[in-house]
Trainee: 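Here's a structure for you.
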Amino acid sequence: MSFLKWVSFVLIIHLLNPTLISCSSNGLSQIPSKFLTLAKRNDFFDWMVGIRRRIHENPELGYEEVETSKLVRAELEKMGVSFKYPVAVTGVVGYVGTGQAPFVALRADMDALPIQEMVEWEHKSKVPGKMHACGHDAHTTMLLGAAKLLKEHEEELQGTVILVFQPAEEGGGGAKKIVEAGVLENVSAIFGLHVTNQLALGQVSSREGPMLAGSGFFKAKISGKGGHAALPQHAIDPILAASNVIVSLQHLVSREADPLDSQVVTVAKFEGGGAFNVIPDSVTIGGTFRAFSTKSFLQLKKRIEQVITRQASVNMCNATVDFIEEEKPFFPPTVNDKDLHQFFKKVSGDMLGIENYVEMQPLMGSEDFSFYQQAIPGHFSFVGMQNKAHSPMANPHSPYFEVNEELLPYGASLHASMATRYLLELKALTLNKSYKKDEL
């Protein structure tokens, strides 16, 4: 009898006979370490590194992941994993297991960023102005690694694992399109991982409840009257108006928001003028806003529009505001399910030791993983990759961002462990309920 079959058998017997608890618990606790050992095999590790570097060399932006999804499909075909394509434009959804309920999902994002890579190495991005600067190449690789581990133990799975290779996380709301495609119907839970340089290799981090903020984007065109810079009295200066708008927007957080209710408004884009001595006709500004509650988020949205239009009017300019929801849909806050968080702590603790779990504080960053959590119970976490022997790694969205490839086995085995144990425990729980019902 194989290891996972033995664990499943013992778990079911335990639920029917509580006196076997120690044997059952020991069997379950061994699954993560077994998967980690398998993922650290030289041939397995080298395969994952090769996959990650191929993806890194050919970054593609949201909904343009044609070659990336082609690579994913090719690897799944080699494993004998069935899949659907296209889903949500360029997404791929794979299936491992019985093909029957219960269902659990694992997610990885595939898109890159419009950043010119500044890291000089053999596998630097070959596409000018595009780079995997947030680790999505590693995420895709780790989910492929999990697929391989799960396929090797497919006969032992007590249900079906759905593998979600998602496009367009970076503002495009690819998760929303995945949900709308209906591929997660009847799924009991979904798990997602993200690499981080803020944790050491072998550490993980997460929290129960609100974890990441909801986010939205805005852009505004402020129109005045152009003229000669030496004769400002004959012009209506949109640059001055936009400058006053930007200062006023900062008051929304510092003077209108509850200090205990974290919010952010950032103007990160300012375009206007093309000469040193010409006042332009118009200026375009753009930025993002974040909040942890829907109420605060909607209030910020309302006030951003009011401040921009009315402050522009004070300066005798006109302004239009666009929240570009079609292009960049609003992301809800990322909120981890309580029960799934406790489950994650158990699985990661069995793999890495509970001392390597780090309770994180809420962050104002955002994740479209939240769209899954609106539809079904979900859990999002971070996997560390900082090598203590090296200098601190650059943060995500930096042109100097790097991935420590030693983390790949950790992510792959954590994915596989969570899916396997979730199905085992859910199946056993169902059998236990059925047994008690028959007993009554």
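Hydrogens, waters and symmetry mates are skipped; everything else that's a heavy atom, side chains included, is used. Index from 1, following the sequence.
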Trainee: Assign the ring pair Phe289 / Phe323 to parallel, tilted or perpendicular, where the plane angle (0 to 90°) is split at 30° and 60°.
Mentor: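 It falls in the perpendicular class, over 60°.
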Trainee: Using a 4.5 Å cut-off on heavy atoms from C-beta on, say whether the side chain of Leu28 contacts that of Lys346.
Mentor: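 Heavy-atom side-chain distance check fails, nothing below 4.5 Å.
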Trainee: State, with a plain yes or no, whether a side-chain heavy atom of Val204 is found less than 4.5 Å away from one of Asn356.
Mentor: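 Contact flag for Val204/Asn356 side chains = no.
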Trainee: Will you find, in the side chains of Glu169 and His139, an N or O donor that is under 3.5 Å from an N or O acceptor?
Mentor: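 Distance-only check fails for Glu169 and His139.
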Trainee: Which pair of non-hydrogen atoms, one from Val195 and one from Gly135, has the smallest distance, and what is that distance?
Mentor: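 Minimum heavy-atom separation between Val195 and Gly135: CG2-CA, 3.9 Å.
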Trainee: Gln263 and Asp258: side-chain donor and acceptor closer than 3.5 Å?
Mentor: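 Side chains of Gln263 and Asp258: no pair found under 3.5 Å.
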Trainee: Would His153 and Phe35 count as a close aromatic pair, with their ring centres under 6.0 Å?
Mentor: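 For His153 and Phe35, the ring centres are under 6.0 Å apart.
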Trainee: Is the ring pair Phe380/His194 parallel, tilted or perpendicular, if the boundaries are 30 and 60 degrees?
Mentor: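 Geometry flag for His194 against Phe380: perpendicular rings.
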Trainee: Would you say the side chains of Tyr357 and Glu359 form a donor-acceptor pair under 3.5 Å?
Mentor: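 Judged by distance alone, the side chains do pair up.
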Trainee: Tell me which one of His132, Lys124, His123, Arg52 satisfies side chain to side chain donor-acceptor pair (under 3.5 Å) with Glu57.
Mentor: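 Among His132, Lys124, His123, Arg52, the one meeting side chain to side chain donor-acceptor pair (under 3.5 Å) with Glu57 is His123.
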Trainee: So does Glu75 pair up with Lys148, basic N to acidic O under 4.0 Å?
Mentor: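 Salt bridge between Glu75 and Lys148, a charged N being under 4.0 Å from a carboxylate O: no.
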Trainee: What side-chain hydrogen bond (donor to acceptor under 3.5 Å, both in side chains) pairs are there with at least one residue in residues 264-279, not counting sequence neighbours?
Mentor: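 Every candidate side-chain hydrogen bond (donor to acceptor under 3.5 Å, both in side chains) pair involving residues 264-279 fails, so no pair, neighbours aside, qualifies.
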Trainee: Can the ring centres of Phe331 and Phe369 be said to be less than 6.0 Å apart?
Mentor: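 No - the distance between ring centres of Phe331 and Phe369 does not fall below the 6.0 Å cut-off.
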Trainee: Is the NZ or CZ atom of Lys177 positioned over Tyr63's six-membered ring, under 6.0 angstrom from the centre and within 45° of the axis?
Mentor: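 Yes, Lys177 lies over the aromatic ring of Tyr63.
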Trainee: Would you call Lys302 and Glu256 a salt bridge, using N to O less than 4.0 angstrom?
Mentor: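 No, this pair does not count.
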Trainee: If every non-hydrogen atom of Ser69 is compared with every non-hydrogen atom of Thr90, which pair is closest and at what distance?
Mentor: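 So the minimum-distance heavy-atom pair works out to CB-O, 3.3 Å.
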Trainee: Taking the side chain as every heavy atom from C-beta outward, state whether Arg73 and Phe165 have any atom pair closer than 4.5 Å.
Mentor: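 A side-chain contact under 4.5 Å is absent here.
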Trainee: Would you please test Asn197 and Asn395 for side chain to side chain donor-acceptor pair (under 3.5 Å) and show each step?
Mentor: CA-CA 7 Å; Asn197 62 316; Asn395 289 321; 3.0 Å; yes
Trainee: Do the charged groups of Lys70 and Glu60 touch, with an N to O distance under 4.0 Å?
Mentor: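 So Lys70 does not pair with Glu60 through a salt bridge.
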